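None of the values given here were measured: they were computed from a predicted structure. Ligands are counted one by one from 1 in listed order, and the atoms in each one are counted from 1 as well.
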Amino acid sequence: MLGQSVIILSITKAAHDLLAKKGSIFSDRPRFVMASELALKGMHMLLRPYDARFKLHQRMESQVLNERAAVVYLPFQELESRQLLLDLLKNAGGSGTDCHEYLERTTASIIYALFYGYRLKSASEPVLLAAHAVNHEFDQLAQVGKYLVDSFPVLNNLPSFLAPWKAEAEDHWQRNCALHVGNLQRGLRDRAWNFCKQMGGYLDTQAIEMSPEELALDIGIMADAALDASTGTLYWFLVACVTDDGGFMAEAQFCLDKVVGRDRLPTFEDRPRLPYIDAIVEEVLRWRPAGAAGVPHFTKVGGTYEGYRIPANSVVIANHWAITREEAVFGPDVESFRPSRWLDSINNSGQLRDLPTVGFGYGRRVCPGRHVARNSLWIVIARLLWAFNITPGLSKRGERIEVDSTATTDGLVTKPLRFKATLEPRGEWSRKIILSGCDTQGVAHAEMLDRIGENLAAKSGATGQHSR
Ligand code: HEM
């Protein structure tokens, strides 16, 4: 809004002191009149004000995304990461390929199975293309400065014939809503357990009134947020591989060979003995935070911090890019991809050092999907490094196509620009294991989801029964 103060926090201490320690004050969001209030009728979870309705949605999401719940989904992440190995074995050898669609299928299929009960065979399934189209449209509506009504909300009082943006917003609402309500209905109809049933069941048992649109938007926006940031982070991991100049892949493969050997794939049971893979996950999140510019918080209350005045009604943004480059916190050479910075080399305890995590945001708006996301990243990264040698793709003349690790897309989620990578099996042993154990298309995923639902109920006491 015109005349509004914007405060950008570029060091860990300030972001932590304000956004986390004073979370009760700094957890609001600024107004997005066009994108949030008009086009999504206030139902976009990421943009909701920090009020009682937001807290209700946070409780609903926490039911299915908390740390204990995240453990229950490991079998599905295990399944989809196996399929990824086979897809890449078939498609990414030789001169290489753009792996984005295979990474996206993997994360999307984990998400759509858990959220709606069905898997995705490719990244070009109509439901995913429709989600991309709607999200692209939404990104346009959320562009700062594009709509005058965002700067002067009073313009919203004009009648519709003088306010053409209202029809544009309504049009988007119809499409966005149809997509997410359609997915909700499909999830509720599906015979397998899924988030739609679990979250619908929560509303029923708590006797909470909620329209199908509001529930559908909660689940749908959560799925969109999950997909983009998770795929983007995995894609950045591949950039780190094809630009590896510090030997982190060799180090990881040494650890994997020692702990796992060459007769089987790494599993989640190996995780306590593979801290280096966790260090890689943390380093990708630091080196290329998916939301590099940060997501704006907002405070209605004024105050001071370390001698600086913070006016009431200020936008407060943690600049993730600057914060992840703080040498005083992360050590020297912050521009380089160095997983070892996360490891406790002094005590050699095998534990990760207690460095601040930035990529999932701060305080009461911290990403609720971070536990699920970390588990997906871990198993995919462990298995890719165990199975393949990863190098830049080749041109038609057989020359390596160097990848620029700083070339990114614009937008809330910053992804690498498209590039080619070559993934060759590390040996006949890994090729054989992928070919014999990674075709998962015939797996009875509905039974798997039902078991996940039962395990979740056993942990939380809440069932996925619903009357919607
Ligand atoms: C590597 C993957 C991911 C990254 C890097 C990421 C990052 C973020 C960031 C930076 C925020 C904003 C935090 C803030 O305002 O301070 C956020 C919010 C959010 N994320 Fe994630 N996320 C990831 C995966 C996921 C997953 C898997 C889910 C769901 C299953 C999810 C659901 C959400 C939701 C619903 C919000 C809105 C929270 C709010 O406004 O209170 N994200 N995420």
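Of the listed residues (Val295, Leu18, Leu19, Leu9), just one forms a side chain to side chain contact (heavy atoms under 4.5 Å, CB included) with Tyr362, and that residue is Leu19. The one candidate from Trp287, Trp342, Phe337 that meets the ring pair (Phe, Tyr, Trp, His ring centres under 6.0 Å) condition with Phe248 is Phe337.
Counting only residues at least two apart or in different chains, ring pair (Phe, Tyr, Trp, His ring centres under 6.0 Å) contacts with residues 213-237 comprise His100-Tyr235, Tyr235-Phe419.
His57 and Arg48 share a side-chain donor-acceptor pair at under 3.5 Å. Side-chain contact of Gln83 with Thr440: a donor-acceptor pair under 3.5 Å is present, judged by distance alone.
Ring pair Tyr73/Phe195 is tilted by interplanar angle, where 30° to 60° counts as tilted.
Listed by atom number, the atoms of ligand 1 under 4.0 Å from Tyr362 heavy atoms are 16 (O). Of all the atoms in ligand 1, the ones that sit under 4.0 Å from a non-hydrogen atom of Thr233 are 1 (C). With ligand atoms numbered from 1 in the order given, ligand 1 contributes 41 (O) to contacts under 4.0 Å with heavy atoms of Phe54. Close approach of ligand 1 to Met45 (heavy-atom distance below 4.0 Å) involves ligand atoms 40 (O).
Residues Val358 and Arg286 fail the side-chain proximity criterion, which asks for heavy atoms closer than 4.5 Å. Residues Leu256 and Tyr276 have side chains not in contact (no heavy-atom distance under 4.5 Å, counting atoms from C-beta outward).
By the side chain to side chain contact (heavy atoms under 4.5 Å, CB included) test, Ala92 pairs with Leu88, Thr97, Cys99, Leu423, sequence neighbours left out. Taking Ile25 as the reference, Thr299, Val301 meet the side chain to side chain contact (heavy atoms under 4.5 Å, CB included) condition, with sequence neighbours excluded.
Counting only distance, with no hydrogens or angles, the side chain of Asn194 and the backbone of Gly187 share a donor-acceptor pair below 3.5 Å.
Nearest to atom 16 (O) of ligand 1 among the protein's heavy atoms is His297 NE2, 2.8 Å. What sits closest to atom 12 (C) of ligand 1 on the protein, heavy atoms only, is Val295 CG2, 3.6 Å. Among all protein heavy atoms, the one lying closest to atom 39 (C) of ligand 1 is Arg365 NE, 3.4 Å. Among protein heavy atoms, atom 35 (C) of ligand 1 sits closest to Glu61 OE1, 3.4 Å. Among protein heavy atoms, atom 37 (C) of ligand 1 sits closest to Leu46 CD1, 3.4 Å.
The aromatic ring centroids of Phe32 and His44 lie 6.0 Å or more from each other.
Of all protein N, O or S atoms, those under 2.8 Å from atom 21 (Fe) of ligand 1 number 1.
Using a cutoff of 4.0 Å between basic side-chain nitrogens and carboxylate oxygens, Arg383 and Glu78 are scored as salt-bridged. Under a 4.0 Å N-O distance rule, the pair Arg191/Asp450 qualifies as a salt bridge.
Between Ser230 and ligand 1, no pair of N/O atoms sits closer than 3.5 Å. Considering backbone and side-chain N/O of Arg364, none are found under 3.5 Å from N/O of ligand 1. Backbone and side-chain nitrogen or oxygen atoms of Arg29 are examined, and one is located within less than 3.5 angstrom of a nitrogen or oxygen of ligand 1. Between Gln58 and ligand 1, not a single N/O pair is under 3.5 Å apart.
Looking at Ile110, Val372, Leu65 and measuring to atom 30 (C) of ligand 1, the nearest heavy atom belongs to Leu65. Selection from Ala20, Ala70, Gly359, Gly363 by nearest heavy atom to atom 10 (C) of ligand 1 gives Gly359.
The shortest heavy-atom distance from Arg48 to ligand 1 is not under 4.0 Å.
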